[in-house]
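Proteins get letters first, then strands, A, B, ... in listed order; numbering begins at 1 in each. Keep in mind the model is a prediction, meaning the values are calculated, not measured.
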2 protein chains.
Amino acid sequence: MPEHRPSGDDGPPLRADAQRNRARILNAAETVFAELGANASTEEVARRAGVAIGTVFRHFPTKNDLLAAIMKQLLARLVAEAGELNGPAGLFEFFERLVAQAAEKRSVVELLARAGMDLRLPDAVGRLEQALGGLLAQAQAGGTVRPEVALPEVMALLISVCQGALHGGWEEGLQKRTLGVIFAGLRPAAG
Amino acid sequence: MPEHRPSGDDGPPLRADAQRNRARILNAAETVFAELGANASTEEVARRAGVAIGTVFRHFPTKNDLLAAIMKQLLARLVAEAGELNGPAGLFEFFERLVAQAAEKRSVVELLARAGMDLRLPDAVGRLEQALGGLLAQAQAGGTVRPEVALPEVMALLISVCQGALHGGWEEGLQKRTLGVIFAGLRPAAG
DNA sequence: GATTAAGATGAGCTATGACTCGACTTAGCT
DNA sequence: AGCTAAGTCGAGTCATAGCTCATCTTAATC
């Protein structure tokens with residue numbers, strides 16, 4: 001019996017039904033974690049995927065592996081999104097999109113928060129940092145962001161704002177004003 | 001047999017040992033939740049308080065009650081701290097202090113985050129908002145903060161930054177730079 | 001000191017959730 | 001069609017955590 005297959009393994013191709021189930025599980029997991037947060041139960045994921053619980057654990061031997069897989073997808077999507085954004089306002093645009101997502105998907109935030117902790121995804125996170133670095137450089141070249149601002153504080157602000165976005169109240173206007181303050185802080189001082 | 005005593009109840013005074021144990025439990029809970037976060041077990045609290053688990057539940061019928069009690073203490077302390085701060089730089093000072101606390105005490109952040117959610121402490125939170133409002137007004141009167149900035153976004157920024165402060169990396173310098181960006185965003189545009 | 005009700009104790013109940021494993025099903029192949 | 005290994009199933013195990021309650025202890029009062 002072949003062993004469990006961690007993400008990167010390329011053994012013999014999966015059987016058709018296994019591929020189908022794996023995809024279903026990933027889909028279900030994404031929506032479940034988005035709605036209920038990262039400590040939704042694996043059983044709930046199985047239920048929504050329409051498979052038995054054993055099947056989930058066959059594909060992802062631990063819950064953390066499942067979370068890591070989702071997180072990898074998410075980070076890849078963010079990197080792609082960052083890649084499409086261009087020009088001096090690209091960084092701000094990225095902030096706005098991420099915060100909008102964070103408000104409706106708990107997982108975005110919680111997973112992002114755990115990306116550097118329990119889940120070990122240094123390369124995926126690294127790629128996102130690289131993409132953000134590009135956006136920051138463009139913004140600084142275009143005079144949209146002060147030159148002395150560095151990548152780490154941009155990341156920190158991004159994470160912070162996403163975290164904050166979870167909290168109920170936050171109507172539309174508040175979110176915009178909060179981001180406005182941060183953008184003002186990033187922009188060069190004089191008009 | 002007298003019923004469990006929720007926080008506000010003023011029945012006959014507690015017996016001496018009961019008072020002692022209640023204080024011990026609160027102390028233990030504060031440090032335990034500070035170290036381990038809000039989902040540390042009640043047993044751990046009991047262990048560190050040196051009492052049996054039943055005693056904890058006698059004083060705080062649910063874990064949430066215990067969290068709420070700690071949170072009330074914390075909020076009161078923050079209000080007091082805010083009250084001592086004066087002048088146009090008081091608001092910034094408060095930010096710095098809170099973030100410093102957040103970095104070393106998980107509970108500060110997690111409880112603050114839950115204050116408006118599971119735990120129902122509208123009055124305690126209200127008092128903090130009032131105190132912050134005072135600091136904001138002083139800062140605006142002194143020209144340290146733009147007049148169009150309102151209290152809600154200040155609260156939002158505060159919560160966000162505290163949340164972000166949990167994440168490991170954040171060396172000393174990064175924290176300062178991140179706060180620097182936010183302060184720059186709050187300050188009036190021109191020098 | 002005797003009385004007694006408040007309080008402390010901790011084994012145990014219940015729920016939940018991560019994970020296992022032997023029995024069963026089916027895709028892929030000849 | 002028949003074979004077989006890959007894959008699925010789901011009842012069951014183990015651990016944890018919130019909470020209860022019958023029993024014992026002790027502070028307060030007379």
Side-chain angles (χ1 to χ4, degrees), chain A residues 1-6 9-29 32-33 35-70 107 110 114 118-119, chain B residues 1-6 9-29 32-33 35-70 107 110 114 118-119:
Chain A
M1 188 202 333
E3 209 40 47
H4 283 305
R5 192 169 306 183
D9 192 344
D10 266 38
L14 291 174
R15 238 166 61 175
D17 54 347
Q19 281 180 22
R20 205 174 46 239
N21 281 337
R22 193 186 169 88
R24 277 188 186 177
I25 291 168
L26 281 171
N27 278 342
V32 167
F33 290 140
E35 287 174 18
L36 274 18
N39 41 9
S41 71
T42 312
E43 273 207 40
E44 181 63 26
V45 173
R47 203 173 303 128
R48 296 228 207 160
V51 301
I53 212 179
T55 304
V56 176
F57 280 101
R58 175 170 190 85
H59 287 280
F60 306 96
T62 73
K63 187 183 173 179
N64 247 328
D65 291 329
L66 181 53
L67 285 171
I70 297 285
S107 63
E110 295 182 12
R114 296 171 69 166
D118 338 354
L119 318 175
Chain B
M1 188 198 339
E3 208 42 44
H4 282 305
R5 192 170 304 182
D9 191 342
D10 267 39
L14 291 175
R15 237 168 58 177
D17 54 348
Q19 283 180 20
R20 205 173 47 238
N21 282 338
R22 194 184 167 89
R24 277 188 186 177
I25 291 168
L26 281 171
N27 279 341
V32 166
F33 290 141
E35 288 174 17
L36 274 20
N39 41 8
S41 72
T42 312
E43 273 207 41
E44 181 63 26
V45 173
R47 203 172 303 129
R48 295 228 207 161
V51 301
I53 206 175
T55 304
V56 176
F57 281 102
R58 175 170 190 84
H59 287 279
F60 306 95
T62 72
K63 187 183 173 177
N64 247 330
D65 291 328
L66 181 52
L67 285 172
I70 297 286
S107 64
E110 295 181 12
R114 298 171 68 165
D118 338 353
L119 317 174

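- We find that CZ of A:R58 is positioned 13 Å from C1' of C:dA27, with the value rounded to whole Å.
- In plain terms, the two heavy atoms of A:V32 and A:A40 that are nearest each other are CG1-CB, 3.6 Å.
- Here B:H59 contributes atom NE2 and B:R24 contributes atom CZ; the two are 11.0 Å apart, rounded to the nearest 0.5 Å.
- Taking B:T62 as the reference, B:D65 meet the side-chain hydrogen bond (donor to acceptor under 3.5 Å, both in side chains) condition, with sequence neighbours excluded.
- Scanning all heavy atoms of the two residues, the minimum distance from B:A46 to B:I53 falls at CB-CA, 4.0 Å.
- In terms of the side-chain contact (heavy atoms from CB on, under 4.5 Å) criterion, residue partners of B:T42 (sequence neighbours excluded) are, by chain and number, B:V56, B:F57, B:K63.
- Between B:F33 atom CZ and D:dG18 atom C1' there is a gap of 12 Å when expressed in whole angstrom units.
- If you measure from atom CG of A:L36 to atom P of C:dT16, you get 14 Å, rounded to the nearest angstrom.
- Within 4.0 Å of B:T55, counting heavy atoms only, lies at least one base atom of the nucleic acid.
- Listed here is the closest heavy atom pair of B:A38 and B:F33: O-CE2, 3.9 Å.
- B:R48 is linked by a side-chain hydrogen bond (donor to acceptor under 3.5 Å, both in side chains) to B:E35, B:E44, counting only residues two or more places apart in sequence or in another chain.
- Rounded to whole Å, atom P of C:dG28 lies 8 Å from atom CD of A:Q19.
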Counting primed atoms, P, OP1 and OP2 as sugar-phosphate and everything else as base, the B/S/- map of nucleotides 24-30 of chain D against protein heavy atoms under 4.0 Å is --BSS--

Check the interface with nucleotides 11-13 of chain C: list each N/O to N/O pair with the protein under 3.5 Å, or write none.
none

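- With sequence neighbours left out, A:D17 forms a side-chain contact (heavy atoms from CB on, under 4.5 Å) with A:R15, A:R20.
- Distance from the side chain of A:V51 is smallest to D:dC9 among D:dC9, D:dG7, C:dA8.
- Contact check, A:T42 against C:dA18: a side-chain N or O comes under 4.0 Å of OP1 or OP2.
- Looking at every heavy atom in both residues, B:L36 comes nearest to B:N39 through O-OD1, 4.2 Å.
- Atom CG of A:N39 and atom P of D:dG18 are 13 Å apart (whole Å).
- Taking atom CZ of A:F60 as the reference point, atom P of D:dT8 lies 11 Å away to the nearest angstrom.
- Rounded to an integer number of Å, the gap from CZ of B:R47 to P of C:dG10 is 13 Å.
- For D:dT8, one of the phosphate oxygens OP1 or OP2 lies less than 4.0 angstrom from a side-chain nitrogen or oxygen of A:H59.
- Atom pair A:N21:CG and C:dT26:P shows a separation of 12 Å (rounding to whole Å applied).
- Side-chain atoms of A:K63 lie closest to C:dC19 of the nucleotides C:dC19, D:dC19, D:dG10.
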